[in-house]
J.: 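One structure, as structure tokens, below. Some questions next.
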Amino acid sequence: MLKTRKRLLIAVSVIAFMLLALAIVFVNFISLAKKGEEILSNTTFSDITLSAIADGSYTGEFGAGPVYVKAQVTVKNGVMTEIMLLEHDNGKGSAAEGIVDKMLQSQTTNVDLVSGATYSSKVIRKAVENALLRQ
């Protein structure tokens with residue numbers, strides 16, 4: 001009987017500890033997401049004149065809360081020829097990577113965001129813009 005109580009107490013303690021740890025992770029994630037939303041709401045985007053960009057490859061990054069992007073943009077003769085996402089920490093926003101093709105096709109960073117992945121789309125767009133502004 002004593003062994004059973006001891007085992008039960010240990011099991012309840014382990015479960016309580018796991019629930020507490022899960023609650024802490026959840027609260028931290030919500031806090032990080034809110035911070036990211038605040039960063040994005042204060043983020044402005046610029047119109048980029050590609051003809052003013054010298055030929056070369058440029059790297060830019062941007063992060064907002066749990067989403068972070070590092071992008072490399074190659075420009076030749078005033079045309080974006082390649083956009084590579086070197087890093088994309090995105091949670092569920094991997095669909096946003098489709099914005100890269102839109103930017104290459106339209107030759108601008110000012111493109112429609114990917115529905116359902118607007119958060120990551122904005123971060124990718126800003127990372128590409130930051131790369132082009134670093135030239």
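All values below come from the heavy atoms of this structure, side chains included, with hydrogens, waters and symmetry mates left out.
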J.: Taking side-chain contact (heavy atoms from CB on, under 4.5 Å) as the test, write out the residues that go with Thr118, two or more places apart.
T.: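 Listed in chain order: Leu113.
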J.: In Å and rounded to the nearest 0.5 Å, what is the CG to CD distance from Asp89 to Glu87?
T.: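 Here the interatomic distance stands at 6.0 Å.
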J.: Is there a path from Ile53 to Leu133 through hydrophobic residues (I, L, V, M, F, W, Y) whose side chains come within less than 4.5 Å of each other?
T.: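 Yes.
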J.: So which atom in Lys102 and which in Asp112 form the shortest heavy-atom distance, rounded to 0.1 Å?
T.: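 So the two residues come closest at NZ-O, 3.4 Å.
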J.: Can you list the residues that meet the side chain to side chain donor-acceptor pair (under 3.5 Å) rule with Asp101, with sequence neighbours excluded?
T.: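 Here no residue qualifies.
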J.: Residues in side chain to side chain donor-acceptor pair (under 3.5 Å) with Gln107, at least two apart?
T.: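 Gln107 satisfies side chain to side chain donor-acceptor pair (under 3.5 Å) with no residue once adjacent residues are dropped.
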J.: Search all heavy atoms of Ser121 against all heavy atoms of Ile99 and return the closest pair with its distance.
T.: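 Heavy atoms of Ser121 and Ile99 come nearest at O-CD1, 3.7 Å.
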J.: Report the hydrophobic cluster partners of Tyr68, with the cluster defined as I, L, V, M, F, W, Y residues connected by side-chain heavy atoms closer than 4.5 angstrom, directly or transitively.
T.: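 Result for Tyr68 is none, singleton.
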J.: Which other residues end up in the same hydrophobic cluster as Ile10, if Ile, Leu, Val, Met, Phe, Trp and Tyr are linked when side-chain heavy atoms come under 4.5 Å apart?
T.: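 Its cluster mates, by chain and number, are Val14, Met18.
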J.: Under the rule for side chain to side chain donor-acceptor pair (under 3.5 Å), what residues qualify as partners of Lys122, not counting sequence neighbours?
T.: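 Lys122 satisfies side chain to side chain donor-acceptor pair (under 3.5 Å) with no other residue.
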J.: By side-chain contact (heavy atoms from CB on, under 4.5 Å), which residues pair with Gln72, not counting sequence neighbours?
T.: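 Result, side-chain contact (heavy atoms from CB on, under 4.5 Å) vs Gln72: Ser57, Thr59, Met84, Leu86.
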J.: Please list, chain by chain and in numerical order, all residues satisfying side-chain contact (heavy atoms from CB on, under 4.5 Å) with Val12, sequence neighbours excluded.
T.: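 Val12 satisfies side-chain contact (heavy atoms from CB on, under 4.5 Å) with Leu8 only.
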J.: With side chains defined as the heavy atoms from C-beta onward, is the minimum distance between Ile124 and His88 less than 4.5 Å?
T.: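 Counting from C-beta outward, Ile124 and His88 do come under 4.5 Å.
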J.: Looking only at heavy atoms, what is the nearest atom pair of Val123 and Ala64, with distance?
T.: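 It is CG2-CB, 4.0 Å.
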J.: For the CD atom of Glu129 and the CZ atom of Phe62, what is their distance to the nearest 0.5 Å?
T.: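 If I round to the nearest 0.5 Å, the distance is 9.5 Å.
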J.: Let me confirm one number: the NZ-OG1 distance from Lys126 to Thr43, rounded to the nearest 0.5 Å.
T.: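 Those atoms lie 6.5 Å apart.
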J.: What are the two closest non-hydrogen atoms of Ala131 and Gly60, and how far apart are they?
T.: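 Nearest heavy atoms, Ala131 then Gly60: CB-N, 3.3 Å.
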J.: Are Val111 and Leu50 linked, directly or through other ILVMFWY residues, by side chains that come within less than 4.5 angstrom of each other?
T.: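 Yes, it is one cluster - the side chains of Val111 and Leu50 are joined through contacts under 4.5 Å.
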J.: Please check if the number of heavy atoms outside Asn42 that lie under 6.0 Å from its CG is greater than 12.
T.: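 Check passes, neighbour count above 12.
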J.: So which residues get pulled into Leu19's cluster when ILVMFWY side chains under 4.5 Å apart are joined, directly or through others?
T.: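 Via sub-4.5 Å side-chain contacts, Leu19 links to Ile15.
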J.: Where is the tightest heavy-atom contact between Val75 and Leu132, given as atom of each residue plus distance?
T.: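 Result for this residue pair: CG2-CD2, 3.6 Å.
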J.: Applying side-chain contact (heavy atoms from CB on, under 4.5 Å), can you list everything that pairs with Ala71, at least two apart in sequence or on another chain?
T.: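 Residues passing side-chain contact (heavy atoms from CB on, under 4.5 Å) with Ala71: Val69, Leu85, Ala127, Val128.
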J.: I want to check something: taking the side chain as every heavy atom from C-beta on, are Leu104 and Ile83 in contact at a cut-off of under 4.5 Å?
T.: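 Heavy-atom side-chain distance check passes, below 4.5 Å.
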J.: Look at the side chain of Thr49 and the backbone N and O of Ser51, then say whether any donor-acceptor pair between them is shorter than 3.5 Å.
T.: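 A pair under 3.5 Å: no.
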